[in-house]
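The structure appears below as structure tokens.
Chain A is the first sequence line, chain B the second, and so forth, proteins listed ahead of strands; every chain is numbered from 1.
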Amino acid sequence: MRTEHAASARRRETFVAKAGQVERQWKIVDAEGVPLGRLAADIAVVLMGKHRPEYTPHVDTGDNVVVINASKVGLTGTKADNKLKYHYTGYPGGLKAETFGKVRDRKPEALIEDAVRRMLPKNRLGRVMLKKLKVFPGTEHPYESQQPETMKV
Amino acid sequence: MPRATNGPTRNKARKRILKQAKGYYGSRSKHRKLAKQQVIRSGVFAYRDRRTFKRDMRSLWITRITAACKMRGTRYSAFMNGLKLSGVLLNRKMLSQIAIEEPAAFDQLVEIAMKASQATPSKSS
């Protein structure tokens, strides 16, 4: 890494974003019929900020993303009936399984949040990035006043 | 005759190591032995990372150019190919800076690149 001294001696040539000076936008995406993984991949790029030329790895330069119609997210093939989500209750023999389809009916936010979380960096910054994701099962959401921009997937 | 020891030299050596170990975690900045180990190790990392720094920066510039290209509906590879064909010699560092500071200039670069790649038939055909 270049030292402070060297940086002040001549102009730093590569732009470095500063936390707190990042202008964050709001984006909205309709999940209806979009396959879960493709949706999550596109959302993850926006949350990480890799869609903007100011992207800086150690700073969160991403935008906020609102997801609507999460309960209508697409699952291709037989994944709705056959693919299982596991969680461990902490008790012996407490490994529970539920199909993706059932999770989508019962708690659609969990399905999308899980998929996106696993596509983000597994570190402190990744956890901060995830907080900018807001998922809603229906078309209603409380971020109308942010005037979110429609995002293509 | 007074007994001669190497006390002052030892103190000097210890101080030299501890000075280099300032700011290290826990006893690594306080104890002679741990500080010495960490200073050597840090030197190894610094040597290695002066080399990986160059690669890391190049991949960062590429990520940024990719983002700027996607915004304008093209791909990194197509853009770079177009620039090469049209004889634009800007390097990736400058291209990424242009994308951030002069978006309008980058628009024109994309235009130049696209024109060049359409004019030249691809090798496979």
Side-chain angles (χ1 to χ4, degrees), chain A residues 1-7 9-27 29 38-65 119-121 123-126 129 132 148-153, chain B residues 19-20 22-24 39 41-80 83 89-110 113:
Chain A
M1 287 298 288
R2 210 177 278 168
T3 61
E4 274 307 309
H5 176 73
R10 59 182 173 137
R11 187 168 162 270
R12 186 187 278 277
E13 285 160 333
T14 297
F15 173 83
V16 177
K18 292 204 172 61
Q21 286 181 12
V22 180
E23 283 176 41
R24 254 181 248 302
Q25 291 163 357
W26 284 78
K27 304 220 174 205
V29 55
R38 282 157 211 261
L39 177 76
D42 286 346
I43 292 172
V45 167
V46 174
L47 290 176
M48 285 188 283
K50 282 194 169 185
H51 64 306
R52 309 214 313 210
E54 299 90 19
Y55 171 73
T56 306
H58 64 281
V59 179
D60 178 11
T61 56
D63 292 333
N64 298 287
V65 180
M119 292 188 190
L120 289 176
N123 54 27
R124 249 175 263 164
L125 192 60
M129 287 167 174
K132 294 180 306 198
E149 186 189 326
T150 311
M151 189 175 119
K152 269 189 289 179
V153 280
Chain B
K19 198 176 173 190
Q20 286 178 42
K22 271 192 182 144
Y24 285 0
V39 165
R41 205 167 146 80
S42 301
V44 173
F45 286 141
Y47 179 85
R48 184 198 65 195
D49 290 339
R50 277 193 299 275
R51 276 142 193 83
T52 60
F53 180 78
K54 298 165 185 48
R55 299 166 218 165
D56 294 344
M57 292 315 279
R58 186 180 161 99
S59 79
L60 173 61
W61 299 325
I62 291 175
T63 309
R64 286 177 171 175
I65 297 169
T66 305
C69 288
K70 287 258 171 73
M71 278 163 72
R72 292 162 176 85
T74 180
R75 303 189 313 275
Y76 169 78
S77 59
F79 174 65
M80 292 311 281
L83 286 189
L89 296 173
L90 288 168
N91 62 19
R92 284 162 184 79
K93 177 162 73 178
M94 288 302 117
L95 286 171
S96 69
Q97 280 304 96
I98 290 169
I100 295 167
E101 289 171 13
E102 303 280 346
F106 199 85
D107 286 341
Q108 290 185 337
L109 282 170
V110 170

Inset, instruction - Sort and list the pairs that fulfil salt bridge (Lys or Arg N to Asp or Glu O under 4.0 Å) and have at least one residue in residues 51-74 of chain B, not counting sequence neighbours. - result: B/Arg72-B/Asp107
Legend entry - For A/Pro53 against B/Ala68, the heavy-atom pair lying closest together: CB-CB, 4.2 Å
Inset, instruction - Return the minimal non-hydrogen interatomic distance between B/Leu60 and A/Pro57, and the atom names on each side. - result: CD1-CD, 3.7 Å
Legend entry - Backbone of A/Phe15 reached by a side-chain donor or acceptor of B/Gln97 within 3.5 Å: yes
Inset, instruction - Determine whether more than 12 heavy atoms belonging to other residues, nucleotides or ligands lie under 6.0 Å from atom CZ of A/Arg124. - result: no
Legend entry - Atom CZ of A/Arg38 with >12 non-hydrogen neighbours under 6.0 angstrom: no
